[in-house]
Novice: 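One structure follows; several queries about it will come next.
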Amino acid sequence: MAKTIQAIRGMNDCLPTESGKWQQVEAGIRQVVASYGYQEIRTPIVESTDLFKRSIGEVTDIVEKEMYTFADRNGDSLTLRPEGTASAVRAGNEHGLIYNQQQRLWYMGPMFRHERPQKGRYRQFHQFGVETYGLESADIDAEVILLSARLWKLFGISDHVTLQINSLGSNQARQNYKDALVAYLKQHESQLDEDSLRRLESNPLRVLDSKNPQVQALVTDAPSLLDYLDDDSKAHFALLCELLDNAGVAYEINPRLVRGLDYYNRTVFEWVTESLGAQGTVCAGGRYDGLVEQLGGKPAPGVGFALGMERLVLLLDTLEKIEQNQPAADIYVTALGDDTRGYASQVAESLRDSDSQFRVMLHCGGGNLKKQLKRADKVGASVALLIGSEEMAAHQVTLKPLRGNGEQVNVALSELPAALHNVLSV
């Protein structure tokens, strides 16, 4: 027997028992972004490696350690996208969507990073994100945060997530802060772990994001980024806080919040939870005013966020905020005898034509009534339609409720949609 081929480590199948949960989450997301007037953009999974080196930063963990990069047959270096913002900017520049325009976009799809797989973090993972362009004021920063807050409200988890915000200031302000931070950390080099020592030379702000308890304790007394903000960034951040206050969105100012990507400036934010253990960040984003120009476009401001779909589904599952084992069908149509199969198929198709949005499954393969009803129960159907030669001759069906205490009745085909609606709406 041939050896069974299995999925690549960290790249998981989404089986029918799980895909219904994803569909519920995706439907909720689409509902919210539509209510804000955002439009969908779909970009390729594979991009030029240079796109991510120029946007994310060559000294970030993603570029140094995590990207899936390979040479194609022409010798060009290609990379499976590790995040969505760079691709959205590349597409916007290429197709003339950004310069001197305002755009509100969203995307959803798979991303790839070679990380150590663990619960809620995989090598192929999925992100939903929004990206906005051409808007400089803090009101758009507030809007993308309010959009994310509306998602939590829709899913019933507002009490289980906390918003943290910070400002990185202008590029010059951030550089001034970097100098002060490096000077402080070098006074305490002996207390830094190997990873932080490497970041001290390449990307010192990431030391603030260390998960090492000893380093976390050290950075508690480090200079605060907020003390180095330029006046414009202070005013921008103050307006953002005012808008969030007016909208009734609670937040914590976290001066250690820097995000892991090089392109952020001014506003950065994260939604965090204590309900998933170590994997606490559910959604994160901020402002990236220099990225469009950095990737070859004319200067344009940008703000966005991304959330991990696996982590959100896991959180909703953990909090029991998502429907489990969604049935495959509402109605199961049986055919009792070979001569009734054609009529049973017509009944099923007429129900699908009726604009009732019923999920209708037709039994295939024959078998006795007991076998067919057993199959109807297995797929989770609420109603079985029993069709024998007598029903076919009378242009009727026998409607049998499978859940609750409803009675079995004969129904004319013309009255069937209404009868089913009454039964299924109870």
Novice: Got H236 and D141 here, is their nearest side-chain heavy-atom distance under 4.5 Å?
Specialist: yes

Novice: Closest heavy-atom contact between H421 and F358?
Specialist: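 Closest approach of H421 to F358: N-CZ, 3.7 Å.
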
Novice: If I take atom CE from residue M111 and atom CG from residue L80, how far apart are they, to the nearest 0.5 angstrom?
Specialist: 11.5 Å

Novice: Quick one: are R104 and Q39 in side-chain contact, heavy atoms under 4.5 Å?
Specialist: no

Novice: Quick one about D245 and Y251 (side-chain donor to acceptor, distance below 3.5 Å, no hydrogens or angles considered), yes or no?
Specialist: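 There is such a pair between these side chains.
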
Novice: As a quick check of understanding, evaluate side chain to side chain donor-acceptor pair (under 3.5 Å) for T43 and R81, giving each step before the final call.
Specialist: CA-CA 10 Å; T43 61; R81 63 186 184 194; 3.1 Å; yes

Novice: What are the two closest non-hydrogen atoms of E47 and S87, and how far apart are they?
Specialist: OE2-OG, 3.0 Å

Novice: Is it true that a side-chain atom of R123 and a backbone atom of E115 form a donor plus acceptor pair closer than 3.5 Å?
Specialist: yes

Novice: If you define the side chain from C-beta out and look only at heavy atoms, does anything of D232 sit under 4.5 Å from R266?
Specialist: yes

Novice: Please examine the side chains of I145 and F269, heavy atoms only from C-beta on, and report whether any two atoms are closer than 4.5 Å.
Specialist: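 Yes, close enough: below the 4.5 Å cut-off.
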
Novice: Under 6.0 Å from the CD1 atom of I8, do we count more than 12 heavy atoms belonging to anything else shown?
Specialist: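 No - once you tally the heavy atoms of other residues, nucleotides and ligands closer than 6.0 Å, there are 12 at most.
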
Novice: Is the shortest heavy-atom distance from the side chain of L105 to the side chain of Y133 under 4.5 Å?
Specialist: yes

Novice: May I have the list of side-chain donor-acceptor pairs in residues 22-32 shorter than 3.5 Å, sequence neighbours left out?
Specialist:
residue, atom, partner, partner atom, Å
Q24, OE1, E323, N, 3.1
Q24, NE2, G20, O, 3.3
Q24, NE2, E323, O, 3.1

Novice: Determine yes or no for a side-chain-to-main-chain donor-acceptor pair under 3.5 angstrom, with D13 supplying the side chain and L15 the backbone.
Specialist: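 No, the answer is negative, given that no donor and acceptor are paired below the 3.5 Å cut-off.
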
Novice: Taking all heavy atoms of S137 and all of L239, pick out the closest pair and write down the distance.
Specialist: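 Looking at all heavy atoms of both residues, the shortest contact is OG-CD2, 3.8 Å.
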
Novice: Would you name the heavy atoms of V313 and K21 that are closest together and state the gap between them?
Specialist: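 Result for this residue pair: CG1-CB, 4.3 Å.
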
Novice: Just by modelled atom types, is the L314 backbone N or O under 3.5 Å from a matching donor or acceptor in the T318 side chain?
Specialist: yes

Novice: Taking everything shown except E40 itself, do over 12 heavy atoms lie less than 6.0 Å from its CD?
Specialist: yes

Novice: Does the side chain of Q175 come under 3.5 Å of the side chain of D179 through a donor N or O and an acceptor N or O?
Specialist: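 Yes, a side-chain donor-acceptor pair sits under 3.5 Å.
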
Novice: With a 4.5 Å cut-off on side-chain heavy atoms, are P44 and R90 touching?
Specialist: yes

Novice: Measure the spacing between OG1 of T132 and CD1 of I98 and express it to the nearest 0.5 Å.
Specialist: 10.5 Å

Novice: Kindly compute the distance separating CD1 (I253) from CD1 (I165), expressed to the nearest 0.5 Å.
Specialist: 5.0 Å

Novice: Which atom names give the shortest non-hydrogen contact between L225 and S167, and what distance separates them?
Specialist: CD2-O, 3.2 Å

Novice: Could I get the full list of ring-ring contact (aromatic ring centres under 6.0 Å, His included) partners for Y68, not counting sequence neighbours?
Specialist: H114

Novice: Test your reading of the model: is there a side-chain donor-acceptor pair from T334 to the backbone of Q372, 3.5 Å cut-off?
Specialist: no

Novice: Would L146 and L243 count as a side chain to side chain contact (heavy atoms under 4.5 Å, CB included) if you check the C-alpha gap in whole Å, the side-chain angles of each, and the deciding distance to 0.1 Å?
Specialist: CA-CA 10 Å; L146 291 173; L243 292 169; over 6 Å; no

Novice: Distance from N93 atom CG to Q294 atom CD, nearest 0.5 Å?
Specialist: 11.0 Å

Novice: Which atom names give the shortest non-hydrogen contact between L315 and S275, and what distance separates them?
Specialist: CD1-CB, 3.7 Å

Novice: Can you confirm whether more than 12 heavy atoms, excluding those of R256, are under 6.0 Å from its CZ atom?
Specialist: yes

Novice: Could you check whether any side-chain N or O of R352 sits under 3.5 Å from a backbone N or O of V360, counting only pairs where one atom can act as donor and the other as acceptor?
Specialist: yes

Novice: Kindly indicate, with the supporting measurements, whether the criterion side chain to side chain contact (heavy atoms under 4.5 Å, CB included) is fulfilled by N171 and D289.
Specialist: CA-CA 10 Å; N171 290 336; D289 291 340; over 6 Å; no

Novice: So, does R113 use its side chain to make a donor-acceptor pair with the main chain of P82 at under 3.5 Å?
Specialist: yes

Novice: May I have the step-by-step check of side chain to side chain contact (heavy atoms under 4.5 Å, CB included) for S345 and L362, ending in yes or no?
Specialist: CA-CA 7 Å; S345 178; L362 174 67; 3.9 Å; yes

Novice: Given F125 and R311, is the side chain to side chain contact (heavy atoms under 4.5 Å, CB included) satisfied, shown in steps?
Specialist: CA-CA 9 Å; F125 59 100; R311 204 165 293 177; over 6 Å; no

Novice: Taking the side chain as every heavy atom from C-beta outward, state whether F305 and F128 have any pair of such atoms under 4.5 Å apart.
Specialist: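 Yes, close enough: below the 4.5 Å cut-off.
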
Novice: Less than 4.0 angstrom from a charged side-chain N to a carboxylate O is my criterion; do K234 and D227 meet it?
Specialist: no

Novice: Kindly compute the distance separating OG1 (T79) from CG (D50), expressed to the nearest 0.5 Å.
Specialist: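 Answer for the OG1-CG pair, T79 versus D50, is 9.5 Å.
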
Novice: Should Y36 and V130 count as side-chain neighbours, where that means a heavy-atom distance under 4.5 Å?
Specialist: no

Novice: Between CG of L316 and CD1 of I322, what distance do you get to the nearest 0.5 Å?
Specialist: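 Answer for the CG-CD1 pair, L316 versus I322, is 5.0 Å.
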
Novice: Counting N and O atoms only, with roles assigned by atom type, does the side chain of E310 sit under 3.5 Å from a partner on the main chain of H126, one being a donor and the other an acceptor?
Specialist: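 Confirmed, E310 side chain pairs with H126 backbone.
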
Novice: Only one of T267, V268, L257, L226 passes side chain to side chain contact (heavy atoms under 4.5 Å, CB included) with L168; say which it is.
Specialist: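 Testing each of T267, V268, L257, L226 against L168, the sole residue satisfying side chain to side chain contact (heavy atoms under 4.5 Å, CB included) is V268.
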
Novice: Short question: side chain of D330, backbone of R359 - any donor-acceptor pair under 3.5 Å?
Specialist: yes

Novice: Test salt bridge (charged side-chain N to carboxylate O under 4.0 Å, His left out) on D230 and R174 and set out the steps.
Specialist: CA-CA 9 Å; D230 54 288; R174 186 164 59 171; over 6 Å; no

Novice: Scan side-chain atoms only and decide if E131 and T85 contain a donor-acceptor pair under the 3.5 Å cut-off.
Specialist: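 T85 and E131 do have a side-chain donor-acceptor pair below 3.5 Å.
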
